[in-house]
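Order of the sequence lines fixes the chain letters, A, B, ..., with proteins taken first and strands second; residue numbering starts at 1 for each chain.
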4 protein chains.
Amino acid sequence: MTTETTPRLRADARRNRDRIITAAQAVFTERGTEVPMEEVARTAGVGVGTLYRRFPDRDSLIRAVAHDAFDTVLQDTRATIEQEPDAWRALSQIMHRGMALRTVVRLTVLSTRARSIINSDPNTEAVNNEFLLLVDGLVRRAQADGALRDDISTGDIAVLSSLALQGVQSLPEELRNLAPARYIAVLLDGLRAQNSRPLPGRPITAQEVVVRTPERED
Amino acid sequence: MTTETTPRLRADARRNRDRIITAAQAVFTERGTEVPMEEVARTAGVGVGTLYRRFPDRDSLIRAVAHDAFDTVLQDTRATIEQEPDAWRALSQIMHRGMALRTVVRLTVLSTRARSIINSDPNTEAVNNEFLLLVDGLVRRAQADGALRDDISTGDIAVLSSLALQGVQSLPEELRNLAPARYIAVLLDGLRAQNSRPLPGRPITAQEVVVRTPERED
Amino acid sequence: MTTETTPRLRADARRNRDRIITAAQAVFTERGTEVPMEEVARTAGVGVGTLYRRFPDRDSLIRAVAHDAFDTVLQDTRATIEQEPDAWRALSQIMHRGMALRTVVRLTVLSTRARSIINSDPNTEAVNNEFLLLVDGLVRRAQADGALRDDISTGDIAVLSSLALQGVQSLPEELRNLAPARYIAVLLDGLRAQNSRPLPGRPITAQEVVVRTPERED
Amino acid sequence: MTTETTPRLRADARRNRDRIITAAQAVFTERGTEVPMEEVARTAGVGVGTLYRRFPDRDSLIRAVAHDAFDTVLQDTRATIEQEPDAWRALSQIMHRGMALRTVVRLTVLSTRARSIINSDPNTEAVNNEFLLLVDGLVRRAQADGALRDDISTGDIAVLSSLALQGVQSLPEELRNLAPARYIAVLLDGLRAQNSRPLPGRPITAQEVVVRTPERED
DNA sequence: TATGAATGAGGTTTCATTCAT
DNA sequence: GATGAATGAAACCTCATTCAT
């Protein structure tokens, strides 16, 4: 759980807040963002009342969960870049670090609602943009190095990774954690410069993956 | 719309049935399997009553939509195999023919509920199994031809294609149809025999992607 | 089925009408007057359309069933009186002739709705009144004969018989037909002049059991 | 309202629960077990939500009402037996104490649904069985005393009393409360040993009036 | 005329959110 | 501050009735 822009909270209140976000993250990832609020509360081990005191409505909870997840990913990405000077390898690692992203993916790829909530939250958007900026740097460097194919851009990579990481509930338990790693690996093979059968369409940039469409529920 | 096991319906009833399935397919794909039934009915241009007369509950509607979609995919696959003797190319085409699969993907990848409904419908399962069998044949042939990497199996390909085809709502309209084609292409590049950085884990077979987990709601 | 005030009907229409009344009688007796109209139609072996062509709404069906039943009872009563000169014995027989009354009882004792429908049907009311008049004659004669206790009147007897005849669904099949006969017999024993522990309250007359309260649903 | 097997409820919740049962009892007795839940809620002065929180569906409400009513009857019966050493007189009193039984009667005699619900509730069945056991004791004693006719058994008496107590909605207000007392009295006269014209059929025992028929709606 | 399909009003049930304890 | 009870709006589903075939 990362430091938030929330005032100062009493220790126990703080603890409750964290338990709720953790629970919401798990429940949202598992069963979607439409689960009954009672269920989130139960999972967090608090009463609904407490949940609502902390997050006045579902949207604000989704927002908090998203912000927290994006933030974690951002930290992670920063650390990786710092430690790995090779752009391609840094990119690979980031794409593989899956789990931290799972929640974001469920939130952004699967739920129209979550998407529009997130997109209208300047707080989260800032974090997200900074993350995309970092990846964008890696992408350009990797392409300059001749490691990454040229007909691709940051947006493509963001979408592809999220898809691969999304995971597939329908696989047997044993494979559920295995699969994402395999698919990221296949993708990486497909992304290498030397494999290039030219791609159809045109590169999707970082800017293009952030939308603000205020669409309906998912 | 494919011929169903339904008794015989009066012409108008038949027409309505088809309109409902078409509408449900669109709406489910667009907004998930939990949309209000009223909305499905409205989209189909019929009253709720009619919807319920034809499909006594949501599950039975999902089942019908799934069966129909699987069936379409199966026809498609058969036709492709017949016309394209080269296994790799046939596989590529099948993976690209996207749209027909979109609904199935939304249903199976995204909705726990749909999954468990489909898995308990022998009718649909049969169709699905036949489809996987055909793909399995192609996969083996393509591997024997040295076109497809060896450390992959039919299950992987099924999952990967569905992920890539799933499409991403958050992209701007213009890109929404473009993206899947690009990602399938990247994947195919990643799947070629010559690119093989060995993959982690082990191949996921056709059998493994069919589950019967009777899980909770999505 | 008795002759009705309905115009002249084609033979097959007539037949349908009768089948519907018979079916409705059975179904109403078995499951109450609120059964789905479809079920009445199905039992009668006709489509709902036909049912509605004959009886434009549920009320009119209830009315027809009630009239038919009352009428049957009336015929029966007349015949009994003609053949049995002894008032007490005639009364006993009438009270025992149960089955014909079953439907009326379900309709009048159990369903507020049926009651108010029947009570606002002059046609049926006439038949009912005539029946009560006949019974009233027997009651007075039996009392004059010293066979029937004095502190009782026709209304009491009507109510008591209907209660006893009502039958009890919850009894095992074998007893279901047995029970009414027993209870009528107990009642008759209780009604004999010689047993008289004086009754509380006052006699309930024939007039009092016909109400026109337009009450709510049952 | 009697003490229930419910965990422990907050004072206000407890109060609401009781109000709901009381209201349901009244409304069920008055208009049958199929009244809109909204109406039960309105009568109890709570929102539907509250009703559903306490009783997740109609069945569970019916069950609670039935249990409560049976329990009241049981208490009553125990008290009567304790205070009245003469079996016949105790039996008479029990049969007369009507009102407490009214609800049970409506529930068991009139509604197929209620019957099957009650019969599948071990909780209620236990209470009911204990009640029948007590009555059975009285019946045997009264017969040994030569006060009660011999060709009758507990089941008959249970059924007869419920019928007589059932009351008749169609009577004018003034008579509605009067009638049951009269009919119980007639019955008692019919049940006395000295009046015995032998009854048709055979005695219906206590065991026979408890059924488990899982029948359809009423 | 008979049929069974279509409609929509109304009852049922769930759950987000508010509020008393 | 935390809890869980109460509320009511909104979704679900059934069925009386109408109407095309």
Colleague: Using the closest heavy atom to pick a nucleotide of DNA chain F for each, name whichever of D:Gly49 or C:Pro56 lands nearer the 5' end.
Modeller: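 Closest to the 5' end, via its nearest nucleotide, is D:Gly49.
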Colleague: Taking CZ from B:Arg54 and C1' from F:dT14, how many angstroms apart are they, rounded to a whole number?
Modeller: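 B:Arg54 atom CZ is separated from F:dT14 atom C1' by 16 Å.
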Colleague: Residues in side chain to side chain donor-acceptor pair (under 3.5 Å) with C:Thr43, at least two apart?
Modeller: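 So C:Thr43 forms no side chain to side chain donor-acceptor pair (under 3.5 Å) with any residue.
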Colleague: Do you know which two heavy atoms are closest between C:Val35 and C:Val27, and how far apart they sit?
Modeller: CG2-CG1, 3.5 Å
Colleague: Distance check needed: F:dA11 P versus B:Asp57 CG, whole Å only.
Modeller: 19 Å
Colleague: Please assess D:Arg63 against D:Asp59 for the test salt bridge (charged side-chain N to carboxylate O under 4.0 Å, His left out), listing each intermediate value before the final yes or no.
Modeller: CA-CA 6 Å; D:Arg63 196 156 31 242; D:Asp59 284 10; 5.4 Å; no
Colleague: Could you give the CZ-to-C1' distance, from C:Arg19 to E:dT3, as a whole number of Å?
Modeller: 13 Å
Colleague: Among the nucleotides F:dA5, E:dT17, F:dA2, which one has an atom lying closest to any side-chain atom of D:Arg53?
Modeller: F:dA5
Colleague: As a test of understanding, state which of B:Ile62, B:Leu61, B:Asp68 forms a side chain to side chain contact (heavy atoms under 4.5 Å, CB included) with B:Val65.
Modeller: B:Leu61
Colleague: May I have the distance from B:Tyr52 (atom OH) to F:dA11 (atom P), rounded to whole angstrom?
Modeller: 12 Å
Colleague: What's C:Val46 touching, base or sugar-phosphate or nothing? Going by heavy atoms closer than 4.0 Å.
Modeller: sugar-phosphate
Colleague: Using whole Å, what does the distance between atom C1' of nucleotide F:dC12 and atom CZ of B:Phe55 come to?
Modeller: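 Computing the B:Phe55:CZ to F:dC12:C1' distance gives 17 Å.
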Colleague: For A:Pro36 and D:Pro36, take the nucleotide of DNA chain E holding the closest heavy atom to each; which residue's nucleotide lies nearer the 5' end?
Modeller: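 Taking each residue's closest nucleotide, the earlier one in sequence belongs to D:Pro36.
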Colleague: My validator wants the stems of DNA chain F: runs of 3 or more consecutive Watson-Crick or G-U pairs, both distances under 3.5 Å, written as range with range.
Modeller: E:2-21 with F:2-21
Colleague: How far apart are the closest heavy atoms of C:Phe55 and C:Ile20, and which atoms are they?
Modeller: CE1-CG2, 3.6 Å
Colleague: Tell me the interatomic distance from D:Asp18, atom CG, to F:dA5, atom P, rounded to whole angstroms.
Modeller: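 About 15 Å, once rounded to whole Å.
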Colleague: Taking OP1 and OP2 of F:dT3, is either one under 4.0 Å from a side-chain nitrogen or oxygen of A:Thr50?
Modeller: yes
Colleague: With DNA chain E as reference, determine whether B:Leu51 or D:Met37 sits nearer its 5' end, using the nearest nucleotide of each.
Modeller: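 Here B:Leu51 is the residue nearer the 5' end.
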Colleague: So which heavy atom on C:Asp57 is nearest to which on C:Met37, and how close?
Modeller: C-CE, 4.2 Å
Colleague: Looking at B:Ile21 and B:Ala64, what are the two nearest heavy atoms and their distance?
Modeller: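 Heavy atoms of B:Ile21 and B:Ala64 come nearest at CD1-CB, 3.9 Å.
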Colleague: Rounding to an integer number of Å, can you tell me how far B:Glu38 CD sits from E:dT13 P?
Modeller: 18 Å
Colleague: Do the side-chain N or O atoms of A:Asn16 get closer than 4.0 angstrom to the phosphate oxygens (OP1, OP2) of F:dA2?
Modeller: yes
Colleague: Please report, rounded to the nearest Å, how far the P atom of E:dG11 is from the CG atom of D:Leu61.
Modeller: 17 Å
